[in-house]
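For the numbers below, each heavy atom of this structure counts, side chains included, while hydrogens, waters and symmetry mates do not. In the text below, chain A, chain B and the rest are named by the order of the sequence lines, each starting its count at 1.
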Protein chains: 2
Amino acid sequence: MPAMSHRLDITFHALADPTRRAILSMLLEDDMAVSDVAEPFEMSLAAVSKHLGILSRAGLISQERRGRVKWCQLEPDALRDASIWMQSFGQFEAVNLDAFEKFLATEFPGNDTAGQDG
Amino acid sequence: MPAMSHRLDITFHALADPTRRAILSMLLEDDMAVSDVAEPFEMSLAAVSKHLGILSRAGLISQERRGRVKWCQLEPDALRDASIWMQSFGQFEAVNLDAFEKFLATEFPGNDTAGQDG
DNA sequence: GCCATATTCAACCAAACGGTTGACGAAACC
DNA sequence: GGTTTCGTCAACCGTTTGGTTGAATATGGC
């Protein structure tokens, strides 16, 4: 499925930049306005705005305009496909899903949603 | 930790290209010589060789020269850091296994270890 | 209405990307 | 030892990237 491949292109590309990953980390803590996102970076607001556009097009964040402020929110679901893709490699030797479940169990001890519907 | 950040740059960048991901998928099945890796792609050997260099520098594969043949081997451990990084955003309620199965079916159509009920 | 604030747009730039080609070096074959 | 095979190197090319700047487009406050 080429569409999927293209989405992985975009996702991984979006993640392949330290500024963008830092932005995602910041948004992990709270939603933020564009200028607040930009504040800690030593680059222009326009540059950060571009980064946000890339993250947004990758689906990694969503942006909602309220008044003249545009709020940015993390959309971690977009990481799912990429994460699954990666895990398919790490766990492939034991590709059976049992192993994958065990992996999830050790990696997210508190999480028992494996096997449920999304 | 800037070194880690730089490694993530390199890893994600390496993954952000469909040719390189396809190469990784191929190496999932078996170690391969450079020319065999290149064979299915409609691009020059030199181009594939460059891709392999990028994957190698990212630690995603290793290359061992035996005679005049250079063998390429998947190194899935290198995905671990990137995978863990992504999971730090893992609000997503665990990768659900249905999605994982479907994903494997579309991404590795020839591989019948995915989708088994066992 | 006017000014300040928040954000994007447009044009530009240097550097990196993904590809090509042709030359090259090293190993293998006969 | 000449030739073929395997793979990389070097130079080049067009495109994309990540950044800049300055102008433009809202929106909100007075």
Side-chain angles (χ1 to χ4, degrees), chain A residues 2 5-27 30-75, chain B residues 2 5-27 30-75:
Chain A
S5 180
H6 187 240
R7 274 191 43 209
L8 287 174
D9 290 359
I10 292 176
T11 305
F12 282 128
H13 168 252
L15 296 175
D17 180 280
T19 302
R20 288 194 288 268
R21 288 198 309 277
I23 290 173
L24 292 178
S25 296
M26 292 164 61
L27 291 177
D30 228 333
D31 298 2
M32 296 177 79
V34 172
S35 2
D36 293 333
V37 170
E39 198 268 332
F41 295 101
E42 293 190 336
M43 71 181 69
S44 68
L45 179 60
V48 173
S49 177
K50 279 192 192 178
H51 282 303
L52 289 170
I54 289 168
L55 290 170
S56 186
R57 255 163 274 130
L60 292 165
I61 67 168
S62 60
Q63 295 180 288
E64 181 201 357
R65 172 152 247 136
R66 278 206 294 276
R68 61 182 164 177
V69 175
K70 201 169 190 178
W71 292 90
C72 306
Q73 184 182 359
L74 194 63
E75 292 287 346
Chain B
S5 180
H6 187 240
R7 274 191 42 208
L8 288 175
D9 290 359
I10 291 176
T11 304
F12 283 128
H13 168 251
L15 295 176
D17 180 280
T19 301
R20 289 195 287 267
R21 288 198 309 278
I23 290 173
L24 293 178
S25 296
M26 292 164 59
L27 292 177
D30 228 332
D31 298 3
M32 296 177 80
V34 172
S35 0
D36 293 333
V37 170
E39 197 267 332
F41 295 102
E42 294 190 335
M43 70 180 70
S44 68
L45 179 61
V48 172
S49 176
K50 278 192 194 177
H51 282 303
L52 288 170
I54 290 168
L55 290 171
S56 186
R57 253 163 275 129
L60 292 165
I61 66 169
S62 59
Q63 295 181 287
E64 180 201 356
R65 172 156 247 135
R66 279 207 294 275
R68 61 181 165 180
V69 174
K70 202 168 189 178
W71 292 90
C72 305
Q73 183 181 0
L74 194 64
E75 292 286 346

I'd like a list of close polar pairs between nucleotides 21-30 of chain C and the protein, N/O only, cut-off under 3.5 Å.
from	atom 1	to	atom 2	distance (Å)
C:dA27	O3'	B:R68	N	3.4

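A heavy-atom distance below 4.0 Å to DNA chain C is reached by these residues of residues 50-64 of chain B, ordered by number: B:K50, B:H51, B:I54.
Remark: P of D:dT27 and CH2 of A:W71 are 17 Å apart, rounded to the nearest angstrom. Put simply, CD on A:E42 is 16 Å from C1' on D:dG18, counting in whole angstrom units. Taking atom CZ of A:F41 as the reference point, atom P of D:dG19 lies 10 Å away to the nearest angstrom. Atom CG in B:D17 sits about 12 Å away from atom P in D:dT17, given to the nearest Å. Computed from coordinates, the B:D36 CG to D:dT5 C1' distance equals 12 Å when rounded to whole Å. For A:R21 and D:dG18, the CZ to P distance is 12 Å, given to the nearest whole Å. Protein atom CZ of A:F12 is 18 Å distant from nucleotide atom C1' of C:dC17, rounded to whole Å. Regarding A:E39, its CD atom lies at a distance of 12 Å from the P atom of C:dA6, rounded to whole Å.
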Could you pull out every donor-acceptor pair under 3.5 Å between side chains of residues 14-22 of chain A and any protein atom, sequence neighbours left out?
from	atom 1	to	atom 2	distance (Å)
A:D17	OD1	A:T19	N	2.8
A:D17	OD1	A:R20	N	3.1
A:R20	NE	A:A14	O	2.8
A:R20	NH1	A:H51	ND1	3.1
A:R20	NH2	A:H13	O	3.1
A:R21	NH1	A:L15	O	2.8
A:R21	NH1	B:D9	OD1	2.9
A:R21	NH2	B:S5	O	2.8
A:R21	NH2	B:S5	OG	3.0
A:R21	NH2	B:D9	OD1	2.7

**Item:** Worked verdict on B:L74 versus B:L60 for side chain to side chain contact (heavy atoms under 4.5 Å, CB included)
**Value:** CA-CA 6 Å; B:L74 194 64; B:L60 292 165; 5.8 Å; no
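For A:S62, the side-chain hydrogen bond (donor to acceptor under 3.5 Å, both in side chains) criterion is met by A:E75, not counting sequence neighbours. When the side-chain hydrogen bond (donor to acceptor under 3.5 Å, both in side chains) test is applied to B:E42, no partner is found at least two apart in sequence or on another chain.
With a 4.5 Å cut-off on side-chain heavy atoms, B:C72 and B:V34 count as touching. A heavy-atom distance below 4.5 Å is not found between the side chains of A:Q73 and A:L27. With contacts defined as side-chain heavy-atom distances shorter than 4.5 Å, the pair A:I23/A:F41 qualifies.
If you take CG on A:L55 and CD1 on A:I10, they are separated by 12.0 Å, rounding to the nearest 0.5 Å.
Under the salt bridge (Lys or Arg N to Asp or Glu O under 4.0 Å) criterion, the residue pairs touching residues 48-66 of chain B are B:E64-B:R66, with sequence neighbours excluded.
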